[in-house]
Amino acid sequence: MIKSRIAVAGALLVTAGLANAAGFTFTPTLTSDYDFRGVSQTNPEQDDDIKPALQLGANYSFESGFYAGIWGSNVDFDTFTPDQKPDIEMDYTVGFAGGDAAKSFGFDFGATYYTYLSASSGNTVEIYAGLSKGWFAGKLWYSDDYFSTDRSGFYLEGNATIPLPKDFSLLAHVGMSDGDYWASSVTDYSIGVGKSFGNFATTLKWVDGTDGLNGRAILSVSTTLPWAE
């Protein structure tokens with residue numbers, strides 16, 4: 001069993017900003033490594049091989065603040081069980097977001113159902129709740145049946161996106177996994193920079209952590225459709 005292999009759909013797909021802008025969005029992303037809470041989902045052995053991921057997300061937001069999304073990515077694990085080796089992950093999210101992080105506080109809560117095609121033993125539901133203020137956002141994720149083990153697990157994270165001149169931004173993240181599922185808490189963190197090029201966004205970050213997590217650089221490029229006029 002590879003710890004922390006459940007994927008991150010909701011945090012990437014649905015934010016207060018998207019929820020406040022009603023309508024449909026589609027987001028393709030190409031990344032050099034599918035990182036989830038410090039652990040690679042495309043290179044779980046964390047060796048020197050580069051195994052990129054193509055990720056596709058679709059989201060619909062209502063004017064009320066409710067939203068629903070679907071997100072998918074290729075993954076590469078040895079096996080879940082002797083006869084289950086998933087290649088595709090599909091995640092489904094519903095939630096509600098509102099407030100104004102620029103003027104007061106933004107909030108976001110909902111649930112994500114993580115599924116693995118041909119490996120249903122890894123399917124998991126997590127609920128989440130988050131607050132944001134200015135350039136900082138925090139979120140708590142919880143499952144009472146983490147990775148279908150009948151044991152609970154939670155993840156607490158903080159994220160900073162600090163604007164810099166010339167469409168750059170400083171990106172920082174720290175998170176902690178804990179609960180009955182974990183023998184001891186695991187901390188992951190990253191630091192990086194983002195840059196906008198027209199309708200495309202690029203990020204370059206360094207990811208590392210405790211409990212045997214190996215430091216590595218990850219480059220990602222994404223865009224969200226429809227493009228702004």
Side-chain angles (χ1 to χ4, degrees), residues 5-37 40-42 51-76 86-98 101 106-117 126 128 130 132 135 137 139 141 155 157 159-163 167-173 175 190 192-205 207 217-229:
R5 63 203 288 181
I6 303 174
V8 61
L12 296 177
L13 282 178
V14 288
T15 65
L18 287 178
N20 288 332
F24 175 82
T25 56
F26 176 73
T27 304
T29 300
L30 181 62
T31 180
S32 63
D33 183 359
Y34 173 11
D35 160 62
F36 176 66
R37 300 176 185 174
S40 173
Q41 309 297 283
T42 45
K51 297 181 180 179
L54 175 62
Q55 303 169 340
L56 302 174
N59 186 82
Y60 191 86
S61 301
F62 299 87
E63 291 184 357
S64 62
F66 286 100
Y67 58 80
I70 182 172
W71 184 90
S73 177
N74 58 292
V75 295
D76 187 0
D87 296 313
I88 300 295
E89 174 190 334
M90 296 294 296
D91 305 332
Y92 308 88
T93 296
V94 293
F96 181 82
F107 62 86
D108 181 21
F109 59 87
T112 297
Y113 180 42
Y114 308 97
T115 70
Y116 297 91
L117 301 186
E126 271 190 325
Y128 59 86
S132 56
W135 49 264
K139 185 169 286 188
W141 305 74
Y155 184 71
E157 64 175 311
N159 300 284
T161 303
I162 302 173
D167 293 326
F168 281 91
S169 57
L170 177 65
L171 310 174
H173 160 86
S190 66
V193 64
K195 168 67 174 175
S196 296
F197 296 94
N199 294 307
F200 292 85
T202 62
T203 62
L204 178 62
K205 64 180 180 179
V207 178
I218 299 176
L219 176 65
S220 301
V221 180
S222 67
T223 188
T224 297
L225 302 170
W227 287 341
E229 297 181 357

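Along the sequence shown, the residues carry numbers beginning at 1. In this text, all values refer to a predicted model and were calculated from it rather than measured experimentally.
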Between Ser40 and Asp33, is there a donor-acceptor pair closer than 3.5 Å when you use the side chain of the first and the backbone of the second? no

How far apart are the C-alpha atoms of Ile88 and Tyr116, what are their side-chain angles, what is the distance that settles it, and do they pass the side chain to side chain contact (heavy atoms under 4.5 Å, CB included) test? CA-CA 6 Å; Ile88 300 295; Tyr116 297 91; over 6 Å; no

Could you give the distance from CG (Leu170) to CD1 (Ile162), rounded to the nearest 0.5 Å? 5.0 Å

Student check: side-chain heavy atoms of Asn74 and Thr42 closer than 4.5 Å: yes

Can a side-chain donor-acceptor contact be found between Asn59 and Ser61 if the only test is distance below 3.5 angstrom? yes

Would you indicate whether the side-chain heavy atoms of Asp35 and Lys205 approach each other to under 4.5 Å? yes

For Thr93 and Thr112, which I'm curious about, is there any donor-acceptor pair between the side chains at under 3.5 Å? yes

What do you reckon, are the aromatic ring centroids of Phe96 and Phe66 less than 6.0 Å apart? yes

Hey, what do you get for CG (Asp108) to OG (Ser132), rounding to the nearest 0.5 Å? 8.0 Å

Mind checking whether Trp71 and Tyr113 have ring centres under 6.0 Å apart? no

Quick one: are the ring centres of Phe26 and Phe24 less than 6.0 Å apart? no

Would you please test Lys139 and Glu126 for salt bridge (charged side-chain N to carboxylate O under 4.0 Å, His left out) and show each step? CA-CA 12 Å; Lys139 185 169 286 188; Glu126 271 190 325; over 6 Å; no

Can you tell me how the ring of Tyr114 sits relative to the ring of Trp141, calling it parallel under 30°, perpendicular over 60° and tilted otherwise? tilted

Atom CG in Leu171, atom NE2 in His173: separation rounded to 0.5 Å? 11.5 Å

Please evaluate residues Thr202 and Phe197 with respect to the criterion side chain to side chain contact (heavy atoms under 4.5 Å, CB included), reporting the C-alpha separation (whole Å), side-chain torsions for both, the decisive distance (0.1 Å), and the verdict. CA-CA 8 Å; Thr202 62; Phe197 296 94; 3.5 Å; yes

Is the closest side-chain donor-acceptor distance between Thr224 and Thr27 under 3.5 Å? yes

Verdict with supporting geometry, Gln41 and Asp76, side chain to side chain contact (heavy atoms under 4.5 Å, CB included): CA-CA 6 Å; Gln41 309 297 283; Asp76 187 0; over 6 Å; no

As an exercise, state the distance from CD1 of Ile218 to OG of Ser190, rounded to the nearest 0.5 Å. 8.0 Å

Taking atom CG of Leu117 and atom CE of Met90, what is their separation to the nearest 0.5 Å? 7.0 Å

Is there side-chain contact between Thr223 and Pro28, with heavy atoms separated by less than 4.5 Å? yes

Measure the spacing between CG of Leu56 and CG of Leu54 and express it to the nearest 0.5 Å. 4.5 Å

Would you call the rings of Phe62 and Tyr60 parallel, tilted or perpendicular if under 30° counts as parallel and over 60° as perpendicular? perpendicular

If I compare all heavy atoms of Ser73 with all of Tyr34, which pair ends up nearest, and what's the gap? OG-CD2, 3.5 Å

Non-hydrogen atoms of Tyr155 and Gly175 that approach each other most closely: OH-CA, 3.4 Å

